[in-house]
Novice: 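Just dropping this structure here.
These numbers come from the heavy atoms of this one structure, side chains and all, not from hydrogens, waters or symmetry mates. Keep in mind the model is a prediction, meaning the values are calculated, not measured.
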Amino acid sequence: MEVGKGKLGVDLRFYAVLAFALALFGRWSIFVLILTVVVGFALAMERNDWVNRQVLQALFLVLAIWVGCFAVDAVSGLAYLLGRSLDNWYGSLFFMDTMLYWVQTVISWTLNILLWIGAILGMMRTAKGQEAKIPGVSGLANKACGYVPPAPPMAPQYPAYPQQQGYQQPMQQPYAPAQPMPPQQPVQPQQPNPFGPGAGAPPAAPMG
């Protein structure tokens, strides 16, 4: 994506890359202060929507890590005070201190790694003129700038046609052999009845 130059003749990608480079060292207060100055300068002077979103993502990323570290320290402090109050009964203060130290160390290093990964990804993407898209903070930056990201293009939908069933051959009846016909007897012609209607009466027998 071609971003171009801003109102001051500076490549707009410079502000975004610089902001994420400072965010890479966001655990130190001096770098957070410098990052805040860079973000304020870009917002006030350039007033470019793309630059605003990227530098705000870098600032929100650092603030999120700071809030996470503060929450871990607060929970560890409360647990330590609770352990001291219960130490008179259970005598487990040393064990609790050790456990809290290791848990706090693991969470702090995890937050540091997330910060470094987000900052490096932001530098790589913004150097190409792309959106940083840092998970968890990109949405906040978009809302702060009033930006609504375009929806991804939808795949074309085709009407569903009914599936054509394959040609089915008609069921054939099992072949039954023809039964032999009995031989027909010839019909004999009937002889006319001599005593039928219209025939004369038979002659009378002679009287002896």
Side-chain angles (χ1 to χ4, degrees), residues 1 3 11-46 48-149:
M1 179 181 178
V3 177
D11 193 333
L12 295 176
R13 294 175 294 182
F14 170 76
Y15 298 101
V17 174
L18 177 60
F20 281 106
L22 294 172
L24 189 63
F25 306 96
R27 292 300 302 272
W28 288 275
S29 302
I30 183 63
F31 290 98
V32 177
L33 179 61
I34 299 174
L35 174 59
T36 305
V37 173
V38 171
V39 172
F41 181 83
L43 294 176
M45 301 302 297
E46 293 296 347
N48 181 273
D49 293 339
W50 182 84
V51 173
N52 295 346
R53 293 194 300 271
Q54 311 319 311
V55 296
L56 285 178
Q57 286 189 58
L59 181 60
F60 290 162
L61 175 63
V62 173
L63 293 179
I65 298 300
W66 272 71
V67 171
C69 293
F70 177 78
V72 172
D73 293 340
V75 173
S76 299
L78 292 176
Y80 177 77
L81 294 178
L82 180 62
R84 288 186 63 88
S85 62
L86 299 178
D87 184 57
N88 296 330
W89 291 276
Y90 297 100
S92 58
L93 181 61
F94 176 77
F95 173 76
M96 180 169 291
D97 288 347
T98 305
M99 182 182 64
L100 289 177
Y101 171 77
W102 283 108
V103 170
Q104 185 177 6
T105 302
V106 170
I107 296 178
S108 297
W109 274 104
T110 302
L111 293 176
N112 286 335
I113 294 174
L114 292 178
L115 174 63
W116 296 336
I117 293 176
I120 293 174
L121 288 178
M123 286 190 295
M124 294 175 59
R125 292 172 180 173
T126 54
K128 300 177 182 179
Q130 301 175 355
E131 294 281 341
K133 293 182 179 179
I134 306 301
V137 297
S138 60
L140 296 176
N142 293 337
K143 290 182 180 179
C145 298
Y147 173 74
V148 179

Novice: Which donor-acceptor pairs under 3.5 Å do side chains of residues 30-39 form with protein atoms, sequence neighbours excluded?
Specialist:
from: Thr36; atom 1: OG1; to: Val32; atom 2: O; distance (Å): 2.8

Novice: I need the minimum non-hydrogen distance between Val51 and Ala42, along with the two atoms involved.
Specialist: CG1-CB, 3.9 Å

Novice: Has Arg13 got a side-chain atom pairing as donor or acceptor with Ala127's backbone, closer than 3.5 angstrom?
Specialist: yes

Novice: Got a sec, which residues hit side-chain hydrogen bond (donor to acceptor under 3.5 Å, both in side chains) with Arg27, two or more places apart in sequence or on another chain?
Specialist: Asn112

Novice: Using a 4.5 Å cut-off on heavy atoms from C-beta on, say whether the side chain of Glu131 contacts that of Trp50.
Specialist: yes

Novice: What are the two closest non-hydrogen atoms of Ala141 and Leu56, and how far apart are they?
Specialist: CB-CB, 4.1 Å

Novice: Output the distance between atom CD1 (Ile107) and atom CH2 (Trp102), rounded to the nearest 0.5 Å.
Specialist: 14.0 Å

Novice: Rounded to the nearest 0.5 Å, what separates atom NZ in Lys133 from atom CD in Gln54?
Specialist: 10.0 Å

Novice: Quick check for you: to the nearest 0.5 Å, what is the distance between Cys145 atom SG and Asn48 atom CG?
Specialist: 10.0 Å

Novice: With a 4.5 Å cut-off on side-chain heavy atoms, are Leu63 and Val137 touching?
Specialist: no

Novice: What pair of heavy atoms forms the shortest contact from Leu24 to Leu115, and how long is it?
Specialist: O-CD2, 4.4 Å

Novice: Taking all atoms of both residues into account, what is the closest heavy-atom pair of Glu46 and Leu12, and its distance?
Specialist: OE1-CD2, 3.8 Å

Novice: Just verifying a value: how many Å separate Phe14 CZ and Thr126 OG1, rounded to the nearest 0.5 Å?
Specialist: 11.5 Å

Novice: Between CG of Leu140 and CG of Leu61, what distance do you get to the nearest 0.5 Å?
Specialist: 11.0 Å

Novice: CG of Asn142 to CG of Asn52: how many Å apart, nearest 0.5 Å?
Specialist: 11.5 Å

Novice: Closest approach of Ala23 and Ala119, non-hydrogen atoms and distance?
Specialist: C-CB, 4.2 Å

Novice: Please confirm whether the backbone N or O of Ile134 pairs with a side-chain atom of Gln57, one donor and one acceptor, at under 3.5 Å?
Specialist: yes

